[in-house]
J.: 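Dropping the structure in here first, questions after.
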Amino acid sequence: MSKPPRFDLLLVLLFTVIALASNSVTVATPITQQFKEAPQFYNSPDCAVLVDEDESDGEASILCSDQAVHVAMTLDTAYIRGSMAAILSVLQHSSCPQNIAFHFIASATANASFLRATISSSFPYLNFRVYPFDDSSVSRLISTSIRSALDCPLNYARSYLANLLPPCVRRVVYLDSDLVLVDDIAKLAATPLGDDSVLAAPEHCNANFTTYFTPTFWSNPSLSLTFANRKPCYFNTGVMVIDLDRWREGDYTTKIEEWMELQKRIRIYELGSLPPFLLVFAGNIVPVDHRWNQHGLGGDNFRGLCRDLHPGPVSLLHWSGKGKPWARLDANRPCPLDALWAPYDLLQTPFALDS
C-alpha cells in the first residue's frame, strides 16, 4: 500500500498553485503563518530565582514580580512575524531569559486565542499575557498621517500601557515589533530614571525638531511656547523604558489625548502617534545610549530605501520606516542589513522540506 502524501508536500502544491494564479510576489505568503518552535532558553547560575518550582501559579508571580524584566509589545497578524523575531532575539541574548515577562497588547477585535496559541507554540515556556485594547477608545482621536500604516489604532496602545497592564507592573520596556536585540535587555531595563523622570529613550538632538510640527503649530503664539522651558530633542517611541507608577500618578495618557484632540481641530503635526509623545515628554526624558535604538533601518515613510547603521556600537536594530525586512526578503529585494534580521525569523515556509 502506498503511503499517503506528506502534509508538507501538500502545502508546497497548495502555495505553488496560489503563486501561479497571480503575478504578485506577496501572494505566496500564507494567510495563516506557521512558525517553528524556538529553542528553550535557561537562566545563568547567577540569576535571581523568582518563582519556587513547586509554586502552581508561577507564571502569574513572574508577571507581577518587581525583579522580573517586563517587556510590552503590541501583537497583531500583520506584524506577528516581526514580533516572533523580536521575542526570539530578546530571549537569545538575555542572561536571565526565564526572568522576562512579556505583556502583549492586541486589538479587542483580534483573534486573541489565535495570537496566544501562536506565541505558545513557538515559545512553550514563555511567561506572557495578552491584554485586549479597545480600538474605539482611541480611534476617534486619530488624524490621518503621511503613511496609512501609522494610523492603525494599535500604534497608539503604547500611550495606554499604564491603564492596560496591572498595577503590580511598575516599570516596563516597550518595544516595537520591527526590531531585534543583540544585547541583554536587562541592561536597558535597568536604566536609572532619576527622581522624577517618567521615561528613558535614546535622544537625537541633532535632528531638526521643528520639522515634526506644522507651521500652524509654530506660528501660534501659545503653542510655540510649549517647549519654552525645556531643550526638546527627537526620540523614537519604538524603544522606551517607562516608569508606569509615575505615568499613572501624572495621568500622562490624558495629557497625550489632549494634544490629539487639539490635532483634530487644528492640524499641528503629520506623523501619527509620535508627536503627542514629543509634545508631552521631549526635553524631559532620560537619554539612553544610541546603541539601544539603531533606528530608521526601514528607510523613510515614503519609499523605504535601504539605510546603513549609524556610527557606534549596536545593541538593538530597528527597522522603523516603511520597509520591513521580512517583506523585502520575501520579495527577493533585501537591503544588506536585512541579513541581520533573517537569523531570528521563525517563519516555517512550506518550501522547507524535511530531509
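These numbers come from the heavy atoms of this one structure, side chains and all, not from hydrogens, waters or symmetry mates.
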J.: Got a second to check how far M240's CE is from F277's CZ, nearest 0.5 Å?
T.: 4.0 Å
J.: Can you confirm whether V180 sits close enough to L316 that some side-chain heavy atom of one is under 4.5 Å from a side-chain heavy atom of the other?
T.: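 Of all side-chain heavy-atom pairs linking L316 with V180, none is under 4.5 Å.
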J.: Do you know the tightest heavy-atom contact between A38 and L346?
T.: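 Distance-wise, the nearest heavy atoms are CB-CD1, 4.2 Å.
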J.: Of all heavy-atom pairs between P124 and E37, which one has the smallest distance, and what is that distance?
T.: CG-OE2, 3.5 Å
J.: Atom NZ of residue position K231 - does it have more than 12 heavy atoms of other residues, nucleotides or ligands inside 6.0 Å?
T.: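 Count not over threshold, so no.
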J.: Kindly assign one of parallel, tilted or perpendicular to the pair Y344 and H93, based on the angle between their ring planes and the thresholds 30° and 60°.
T.: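 Answer is tilted, since the angle falls between 30° and 60°.
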J.: Quick one about S136 and D134 (side-chain donor to acceptor, distance below 3.5 Å, no hydrogens or angles considered), yes or no?
T.: yes
J.: What distance do S95 atom OG and I185 atom CD1 have between them, rounded to the nearest 0.5 Å?
T.: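 If we round to the nearest 0.5 Å, S95:OG and I185:CD1 are 11.5 Å apart.
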J.: For side-chain contact (heavy atoms from CB on, under 4.5 Å), just list the numbers for I268 and N220, CA-CA rounded to whole Å, side-chain angles, deciding distance to a tenth of an Å, and then say yes or no.
T.: CA-CA 10 Å; I268 57 175; N220 184 296; over 6 Å; no
J.: When rounded to the nearest 0.5 angstrom, what is the spacing between CG in L223 and CG in L279?
T.: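 Interatomic distance, L223 CG to L279 CG, rounded to 0.5 Å: 8.5 Å.
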J.: Would you please name every residue forming a side chain to side chain donor-acceptor pair (under 3.5 Å) with T253, sequence neighbours left out?
T.: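 Counting only residues at least two positions away or on another chain, T253 forms a side chain to side chain donor-acceptor pair (under 3.5 Å) with W247.
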J.: Looking at CD of E203 and OH of Y234, how far apart are the two atoms once the value is rounded to the nearest 0.5 Å?
T.: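 These two atoms lie 11.5 Å from each other.
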J.: Other residues, nucleotides and ligands only: do more than 12 of their heavy atoms fall within 6.0 Å of CD on E261?
T.: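 Yes, CD of E261 has more than 12 neighbouring heavy atoms, counting only those of other groups under 6.0 Å.
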J.: Report yes or no: does R291 contribute a side-chain atom to a donor-acceptor pair with the main-chain N or O of P313 at less than 3.5 Å?
T.: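 It does not hold such a pair.
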J.: Is a side-chain donor or acceptor of E270 paired with a backbone partner of T214 at a separation under 3.5 angstrom?
T.: no
J.: Name the one of V69, D243, V241, L165 that satisfies side chain to side chain contact (heavy atoms under 4.5 Å, CB included) with V172?
T.: L165
J.: Give a yes or no on whether L278 and V286 share a hydrophobic cluster (residues Ile, Leu, Val, Met, Phe, Trp, Tyr; joining criterion: side-chain heavy atoms under 4.5 Å apart).
T.: no
J.: I'd like to know if the side chain of S320 reaches the main chain of H295, judged simply by a donor and an acceptor atom lying under 3.5 Å from each other, with no hydrogens or angles considered.
T.: no
J.: Would you list the atom pairs, donor with acceptor, under 3.5 Å between side chains in residues 99-108 and any protein atom, with sequence neighbours excluded?
T.:
from : atom 1 : to   : atom 2 : distance (Å)
N99  : OD1    : N43  : ND2    : 3.0
N99  : ND2    : A48  : O      : 2.9
H103 : ND1    : Y131 : OH     : 2.7
H103 : NE2    : H70  : ND1    : 2.9
S107 : OG     : T109 : N      : 3.2
S107 : OG     : T109 : OG1    : 2.8
S107 : OG     : D135 : OD1    : 3.2
S107 : OG     : D135 : OD2    : 2.8

J.: In chain order, what residues pass the ring-ring contact (aromatic ring centres under 6.0 Å, His included) check against Y160, with sequence neighbours excluded?
T.: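 Only F133 meet the ring-ring contact (aromatic ring centres under 6.0 Å, His included) criterion with Y160.
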J.: Kindly check if the number of other-residue, nucleotide or ligand heavy atoms within 6.0 Å of CZ (R170) is above 12?
T.: no
J.: F128 versus F123: any side-chain heavy-atom pair under 4.5 Å?
T.: no
J.: Just checking, is any N or O donor in the side chain of N208 or T211 under 3.5 Å from an acceptor N or O on the other one?
T.: no
J.: Do the non-hydrogen side-chain atoms of F213 and W218 ever get within less than 4.5 Å of each other?
T.: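 Counting from C-beta outward, F213 and W218 do come under 4.5 Å.
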J.: Nearest 0.5 Å, please: how far is CG in D76 from CG in L154?
T.: 5.5 Å
J.: So, do L126 and L91 sit near enough that their side-chain heavy atoms are less than 4.5 Å apart?
T.: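 SC-SC contact between L126 and L91 confirmed.
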J.: What pair of heavy atoms forms the shortest contact from S94 to D184, and how long is it?
T.: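 Result for this residue pair: CA-OD1, 3.7 Å.
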J.: Could you work out, with ring-ring contact (aromatic ring centres under 6.0 Å, His included) as the rule, every residue matching W326, not counting sequence neighbours?
T.: Y79, W341
J.: Check whether any side-chain N or O of R171 sits under 3.5 Å from a backbone N or O of A189 as a donor-acceptor pair, and report yes or no.
T.: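 It does hold such a pair.
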J.: Any Lys/Arg nitrogen of D330 or R81 sitting under 4.0 Å from an Asp/Glu carboxylate oxygen of the other?
T.: yes
J.: By side-chain contact (heavy atoms from CB on, under 4.5 Å), which residues pair with T118, not counting sequence neighbours?
T.: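 side-chain contact (heavy atoms from CB on, under 4.5 Å) check on T118 returns F35, I80, M84, F114.
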J.: Step by step, work out the side chain to side chain donor-acceptor pair (under 3.5 Å) result for W292 and D183.
T.: CA-CA 9 Å; W292 286 105; D183 203 345; 5.4 Å; no
J.: A side-chain contact here means heavy atoms from C-beta on lying under 4.5 Å apart; do Y156 and I256 qualify?
T.: no
J.: Between L297 and L340, is there a side-chain heavy-atom distance shorter than 4.5 Å?
T.: no
J.: Any carboxylate oxygen within less than 4.0 angstrom of a Lys/Arg side-chain nitrogen, looking at D196 and R246?
T.: no
J.: Would you find a donor on one side and an acceptor on the other, under 3.5 Å apart, between the side chain of Q263 and the backbone of Y269?
T.: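 Yes, because the side chain of Q263 sits within donor-acceptor range (under 3.5 Å) of the backbone of Y269.
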J.: Assess the residue pair V288 and V239 against the criterion (side-chain contact (heavy atoms from CB on, under 4.5 Å)); give the C-alpha distance rounded to whole Å, side-chain angles, the decisive distance to 0.1 Å, and a yes or no.
T.: CA-CA 10 Å; V288 176; V239 180; over 6 Å; no
J.: Is the side chain of S65 donor-acceptor paired with the backbone N or O of S61 at a distance under 3.5 Å, no angle test?
T.: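 No: the side chain of S65 does not pair with the backbone of S61.
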J.: Regarding N127 and Y125, is there a side-chain donor-to-acceptor distance under 3.5 Å anywhere?
T.: no
J.: What are the two closest non-hydrogen atoms of P343 and A339, and how far apart are they?
T.: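 Where P343 meets A339 most closely, the heavy atoms are CD-O, 3.1 Å.
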J.: Look at the side chain of S219 and the backbone N and O of T216, then say whether any donor-acceptor pair between them is shorter than 3.5 Å.
T.: yes
J.: If I compare all heavy atoms of L193 with all of L199, which pair ends up nearest, and what's the gap?
T.: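 Closest pair (atom of L193, atom of L199, distance): CD2-C, 3.7 Å.
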J.: Could you tell me whether the side chain of Q98 and the main chain of Y42 form a donor-acceptor pair under 3.5 Å?
T.: no
J.: W319 and side-chain hydrogen bond (donor to acceptor under 3.5 Å, both in side chains): which single residue from D338, D178, D176 fits?
T.: D338
J.: When rounded to the nearest 0.5 angstrom, what is the spacing between CG in L161 and CE in M73?
T.: 12.0 Å
J.: May I ask you to decide if F281's main-chain N or O and K255's side chain share a donor-acceptor pair within less than 3.5 Å?
T.: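 Side chain of K255 to backbone of F281: no pair is present.
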J.: For the residue pair C233 and F235, establish whether any side-chain heavy-atom pair is separated by less than 4.5 Å.
T.: no
J.: Give the minimum heavy-atom separation between V198 and Y252, together with the two atoms involved.
T.: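 Between these two residues, the closest heavy atoms are CG2-CE1, 3.5 Å.
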J.: Could you pull out all residues at least two apart from D46 that satisfy side chain to side chain donor-acceptor pair (under 3.5 Å)?
T.: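 Result, side chain to side chain donor-acceptor pair (under 3.5 Å) vs D46: S44.
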J.: Is any side-chain heavy atom of H204 closer than 4.5 Å to a side-chain heavy atom of N236?
T.: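 No. Closest side-chain heavy atoms not under 4.5 Å.
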